[in-house]
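Below you'll find the structure, written out as structure tokens, and then a few comments.
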Amino acid sequence: MAARDLDAVIVGAGFAGLYMLHRLRGMGFRARVLEAGSGVGGTWYWNRYPGARCDVESVQYSYQFDEVLQQEWQWTERYAAQPELLGYANHVADRFDLRRDIQFNTRVKRAAFDEAQGRWVLETADGARVAATHCIMATGCLSSPNLPQFEGLESFAGTRYHTGYWPKEGVDFTGKQVAIIGTGSSAVQSIPIIAAQAKHLTVFQRTPNYAVPAHNAPLDPEYVRTIKADYPALRARAKQTMTGIDFDYSDQAALETSPEARTREYERRWRHGGLWFLGAYKDLMVDQEANDTAAEFVRGKIRERVRDPEIAELLAPKNTIGCKRLCVDIGYYEAFNRLNVTLIDVSQSPVEAITPRGVKAKGREHEVDAIVFATGFDAMTGALLKIDIRGRGGLALGDKWREGPRAYLGVAMAGFPNLFTITGPGSPSVLTNMLPTIEQHVDWIAESIAHMRARKFGRIEPSLAAEDGWVAHVGEAAGRTLRYTCGSWYLGVNIPGKPRVFMPYIGGFPKYIQKCNEVAAAGYEGFVLS
Ligand code: N01
């Protein structure tokens, strides 16, 4: 298809880009996806580190837009592992014949709005150009790996890996001395597996993280049959919850419950496993005293799981549980009972340097063959700001977002006509189940483009006033929760120099859907269509 004929160019072929392409095609629009990788899958294409798996149950972490798809696809485990998730993305791409409109191995470097033509012109790393009326960024929230610039990083003579950029062929650590820096979700998942393989694993921990057990297991066919018998009901229930996950969230307050009953409830949720733990009480994320009761319960579990009391104490977080993303583990704490695992606490004195032979911390060099950087991502804004995005009058997105991201509904920005971000900053995104959140965004964007076509509008752009109002609302909502209180990637604190702004919308999925629907029903209130 000639590039000039495109209605939309979509950047990224993860779950967001795939569905966006399918949806637009289904409405008769001509769209093309540009994808940096050689295959589909986004997060699940890049994050191939050992143990990578989803922390939302697979029957819910899946598309719902096509009933036949959700009936035919068979998940094998409660929490799907990366190969299965990547298989699912590939299945969707094949089933809906999406590949013919996806251009792989194509990294977008620049995207500029041509005001005279009313089109976006995208430039790729090889210098090619693609133009389209609409530009839709499906670039992901956690897709720009963060590699801290440790002194001597380049001097390391062994092999370096980043969990978010793992070699396709996999890595065999058998017989190797390995270091891992970081103890977030990626490390929590990979440490037990690397520890079982490597000769020795040294873990450098700056901040301990709370993890609750996954209790992962093969899916019970009877359970799956029950869900598939009425999938739409489960999906509808999920849309009524803050996170877009069909959980039973308690409406009780921890502080109005007796300590004995509270412990029973935490124990029940601990035995069930997963993120559901934080649904135990409605005040856990808004009241520090309530939060402390859950945190202390988990600290107690860590002390039970880790044999050496000193190591248990180092692994036991002291901060607010759920402030940073809660981890879901499979044998994480038990890995520290192994004789071939050493924990180095770098909370008081940072990693000093990477040397040709290993990692230097606390005045000692730890010699290793490989270093795994499990150091996370420049979340939510990183992937967008890596592209030189220019709106009206050459306005650079980097300049617009100098004090932090600003967008209306997390989906569009003043000064950037016809540009949409799927699960962008200011939308619930990472605080929700990504699949339903992506579908909601994609549907809303597709319908807005259809609305424009039906009324012969060429441009859509939010007003500055609408954007300001939404940004203020996102900030107010964040300020009401304990999530605002720690140095998390939600706030951009993990990236030196990044403005400290709580990026996702914490008001909950139902409220957000309602707002988006109201905006559309009122003829795209807050947007200027011309
Ligand atoms: O990254 P992170 P991640 N020196 O930012 C440490 C999703 N996810 O890739 O906390 C020493 O959480 C840093 O320390 P600190 C999920 O949403 C989901 O693990 O900043 N250490 C931290 O320990 C998750 O939240 C799944 O003090 C340094 C670690 O590196 C998000 O992705 C699985 C350092 C980074 O942790 C990101 O998770 C995986 C330095 N200079 C990921 N710089 C599931 O679905 C950073 N660190 C289960």
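As the structure lists them, so they are numbered: ligands from 1, and atoms in each ligand from 1.
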So for ligand 1, is Trp44 a polar contact partner (N or O within less than 3.5 Å, distance only)? no

Ranked by distance from atom 12 (O) of ligand 1, the top protein heavy atom is Gly184 CA, 3.7 Å

Please list the nearest protein heavy atom to atom 25 (O) of ligand 1 with its residue and the distance rounded to 0.1 Å. Trp489 NE1, 2.9 Å

Distance-only N or O hit between ligand 1 and Asn494, under 3.5 Å: no

Within this structure, what is the CG-CG distance for the pair Leu343 and Asp345, rounded to the nearest 0.5 Å? 7.0 Å

Looking only at non-hydrogen atoms, the one of Gln189, Gln149, Arg206 nearest atom 46 (C) of ligand 1 is Arg206

Taking atom 3 (P) of ligand 1 as the reference point, the nearest protein heavy atom with its distance: Ser186 OG, 3.3 Å

N-O pairing of Asp292 and Lys318 below 4.0 Å: no

Do me a favour and list the nearest non-hydrogen protein atom to atom 1 (O) of ligand 1 with residue, atom name and distance? Gly376 CA, 3.1 Å

For atom 8 (N) of ligand 1, closest protein heavy-atom neighbour: Ser185 CB, 3.9 Å

Return a yes/no value for Asn209: is any of its N or O atoms, backbone included, closer than 3.5 angstrom to an N or O of ligand 1? no

Take Tyr490 and Ile506 through the side chain to side chain contact (heavy atoms under 4.5 Å, CB included) test and state the conclusion after the steps. CA-CA 11 Å; Tyr490 297 124; Ile506 205 167; over 6 Å; no

Does Glu57 have any salt bridge (Lys or Arg N to Asp or Glu O under 4.0 Å) partners at least two apart in sequence or in another chain, and if so, which? Arg78

Are the aromatic rings of Tyr512 and His441 close, with centres under 6.0 Å apart? yes

Look at atom 4 (N) of ligand 1 and find which of Phe150, Phe204, Tyr61 reaches it with the closest heavy atom. Phe150

Measure from the side-chain N and O atoms of Lys176 to the backbone N and O of His200, and report whether any donor-acceptor pair falls under 3.5 Å. no

Closer than 4.0 Å to some heavy atom of Pro148 - which atoms of ligand 1 meet that? 41 (N), 43 (N)

Answer yes or no: does an N/O atom from Thr207 fall short of 3.5 Å to an N/O atom of ligand 1? yes

Atom 10 (O) of ligand 1 - nearest protein heavy atom and its distance: Lys324 NZ, 2.5 Å

Looking at Arg303, I'd like to know if its CZ atom is crowded, meaning that more than 12 non-hydrogen atoms belonging to other residues, nucleotides or ligands lie closer than 6.0 Å. yes

Return the CG to CG distance between Asn494 and Asp378, rounded to the nearest 0.5 Å. 7.0 Å

Any Val430 heavy atom less than 4.0 Å to ligand 1: no

Check whether Trp276 forms a cation-pi arrangement with Arg269 (NZ or CZ under 6.0 Å from the six-membered ring centre, at most 45° off the ring normal). yes

Does Leu142 have a non-hydrogen atom less than 4.0 Å from ligand 1? yes

Using the ring of Tyr45 (Phe, Tyr or Trp, six-membered ring only), decide whether Arg48 places NZ or CZ under 6.0 Å from its centre and within 45 degrees of its axis. yes

among protein heavy atoms, the one nearest atom 23 (O) of ligand 1 is Thr183 N, 2.9 Å

Gly182, Ala374, Cys486: member with heavy atom nearest to atom 35 (C) of ligand 1: Ala374

Can an N or O of Thr163 be found at a distance shorter than 3.5 Å from an N or O of ligand 1? no

Would you say ligand 1 has an N or O under 3.5 Å from any N or O of Tyr49? no

Can you name the atoms of ligand 1, numbered from 1 with element, that are less than 4.0 Å from a heavy atom of Ile181? 11 (C), 21 (N)

Pair Tyr49 + His162: ring centers closer than 6.0 Å: no

If only atom types and distance count, is the side chain of Thr421 paired as donor or acceptor with the main-chain N or O of Gly410 below 3.5 Å? yes

Closest protein heavy atom (residue, atom, distance) for atom 44 (C) of ligand 1: Arg53 O, 3.4 Å

Interatomic distance, Lys168 atom NZ to Trp46 atom CH2 [nearest 0.5 angstrom]: 7.5 Å

Can Gln205 be said to touch ligand 1, with heavy atoms closer than 4.0 Å? no

